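Notes follow once the structure below has been shown.
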There are 2 protein chains.
Amino acid sequence: MSLRIAIFDDNKNIRQSITLLISTNPDMEVVGSFGNVLNCVNDCLKCEPDIVLMDIQMPGMSGIEAVQLLKQELPTIQILMQTVFEDDDRVFDAICAGASGYVLKDDLKNKLIDAIKELHFGGSPMSPSIARKVINKLQIPEKISKSTVNEYKLTPREKEVLLCIVNGLSYKMVAAELFISYETVRSHIKKIYEKLHVASLTEAVAKAIKQGIV
Amino acid sequence: MSLRIAIFDDNKNIRQSITLLISTNPDMEVVGSFGNVLNCVNDCLKCEPDIVLMDIQMPGMSGIEAVQLLKQELPTIQILMQTVFEDDDRVFDAICAGASGYVLKDDLKNKLIDAIKELHFGGSPMSPSIARKVINKLQIPEKISKSTVNEYKLTPREKEVLLCIVNGLSYKMVAAELFISYETVRSHIKKIYEKLHVASLTEAVAKAIKQGIV
DNA sequence: TAACATATCCCCACTTTTGGGGATAAGAAT
DNA sequence: ATTCTTATCCCCAAAAGTGGGGATATGTTA
């Protein structure tokens, strides 16, 4: 059975050349070709593609929004983005929205067929430079959480108490959970407030989660 | 000036064959070759590599921990991981720890030189299947935050109130901030509790942050 | 040994939050 | 025209949290 492919691109010439390119491959067929994404969900419901080629820049609704919609309604569809520039944020947004891979338009002739095959095989084709950007984004939250964890110097017990609080337990419940008295919980909380420079449970919870302390 | 490369791999044969492979390229030179990572930071301080090839599985300390240490002490070093298997979690951990790229040991002969070049050029070489796994990990938090934001159907006003609470304001302060009465704040909070299925400020704050509502 | 950190517990008075009602007005949806 | 949603406000009594004091015991460090 051949791979069913749908194309979304506002440039008719590009759609045609992609269609031509794909038609040279016996294992693939173009089942739809659309110049806008306004009805992308319905379009895909009709032509039932396995893989969607989506231009990142589309008139009306952006390709990124379209990805989000498509993935929501038809989560099994694999989406391959195409773009002219390697634009950090747009690429990242597209991937977050549910795109599985990436090709530059310059490379279409050389890499499109391979990219489609890789996508179908469970991979995510993307240029190394895009991969680096994705990785960079991924590493930011890790850096925050790992570097600041010990800045506050909470003791193990204080972390336990804080974790309980973050999980929604009241002082009483924390006391029961940790087999200590209500007053001991209070003592720990007081220390936590000092160390975190906060003055209420809500602030402590917010800081604990945002800074990755728990 | 040629690229300075250090190798960390517990298998001597592999180190030798990598050295041989690299020596065929005039733009690269192996400046260090080590069978363990116990002194990796000192080793790298001495031989000053631009790029480190690190086996993900090392005796004593794992390659992942080594990556973390190296990146902490020598953040400019680019690290290329090598592994036998495409192990989701380990790969992901290595990348979070600071690795910039990835090659399978099977592919060394074909891809190592290219991978090193790409790494140095600012890219992140990795197989499409690894890229997919990285993307998958990346999409998890996004999916939670983007898909559940509207699930709770908080009104704009309720979101404002919740945001204030998350920022550590008390009911009184929220009232002052939003120019409404204390009782109105309470009404909103009650509604928020219902919609979020929580019963305390701390739970609301935790849920709001974790689910990306604010 | 003395100073320090951790973990445990206690009291009082005060503030804040919570649960349970209820009410009004403006605007959107049926 | 009526229902629904949103946003606003009110009261009371109970529960929970906060601030500012203490105290004791067990270790570790200097």
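Keep in mind the model is a prediction, meaning the values are calculated, not measured. Reminder, nothing fancy here: chain letters follow the sequence lines and each chain counts from 1.
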I'd like a table of donor-acceptor pairs (distance under 3.5 Å, sequence neighbours excluded) in which one partner is a side-chain atom from residues 172-182 of chain A, with atom names and distances.
{"residue": "A:Ser181", "atom": "OG", "partner": "A:Glu183", "partner atom": "N", "Å": "3.2"}
{"residue": "A:Ser181", "atom": "OG", "partner": "A:Thr184", "partner atom": "N", "Å": "3.2"}
{"residue": "A:Ser181", "atom": "OG", "partner": "A:Thr184", "partner atom": "OG1", "Å": "3.2"}

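Atom CG of B:Leu169 is separated from atom C1' of C:dT17 by 15 Å (rounded to the nearest Å). Look at CD1 on A:Ile189: it is 11 Å from P on D:dG19, rounded to the nearest Å. In this structure, the OH atom of A:Tyr171 is 12 Å from the P atom of D:dA16, given to the nearest Å. We find that CD1 of A:Ile165 is positioned 7 Å from P of D:dG17, with the value rounded to whole Å. Summarising the geometry, the separation between OH on B:Tyr193 and C1' on C:dT16 is reported as 11 Å, rounded to the nearest angstrom.
With hydrogens and angles ignored, the 3.5 Å screen pairs a side-chain donor or acceptor of B:Lys207 with a backbone N or O of B:Leu196. Listed for the B:Arg4 side chain is a donor-acceptor partner under 3.5 Å among the backbone atoms of B:Cys47. The backbone N or O of A:Asn42 lies less than 3.5 Å from no partner atom in the side chain of A:Asn39, so there is not a single donor-acceptor pair.
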Heavy-atom protein contacts under 4.0 Å, nucleotides 6-15 of chain C, coded B base, S sugar-phosphate only, - none: SSBBBBB---

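When A:Thr83, A:Asn11, A:Asp55 are each tested for a side chain to side chain donor-acceptor pair (under 3.5 Å) with A:Lys105, only one passes: A:Asp55.
Counting only residues at least two apart or in different chains, salt bridge (charged side-chain N to carboxylate O under 4.0 Å, His left out) contacts with residues 39-51 of chain B are absent. Screening residues 183-212 of chain B for ring-ring contact (aromatic ring centres under 6.0 Å, His included), with sequence neighbours left out, gives no hits.
Shown here are the side chain to side chain contact (heavy atoms under 4.5 Å, CB included) partners of A:Gln78, two or more places apart in sequence or in another chain: A:Ile51, A:Ser100, A:Leu119, B:Arg132.
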Pick out the pairs of N or O atoms, protein on one side and nucleotides 24-29 of chain D on the other, that lie under 3.5 Å.
none

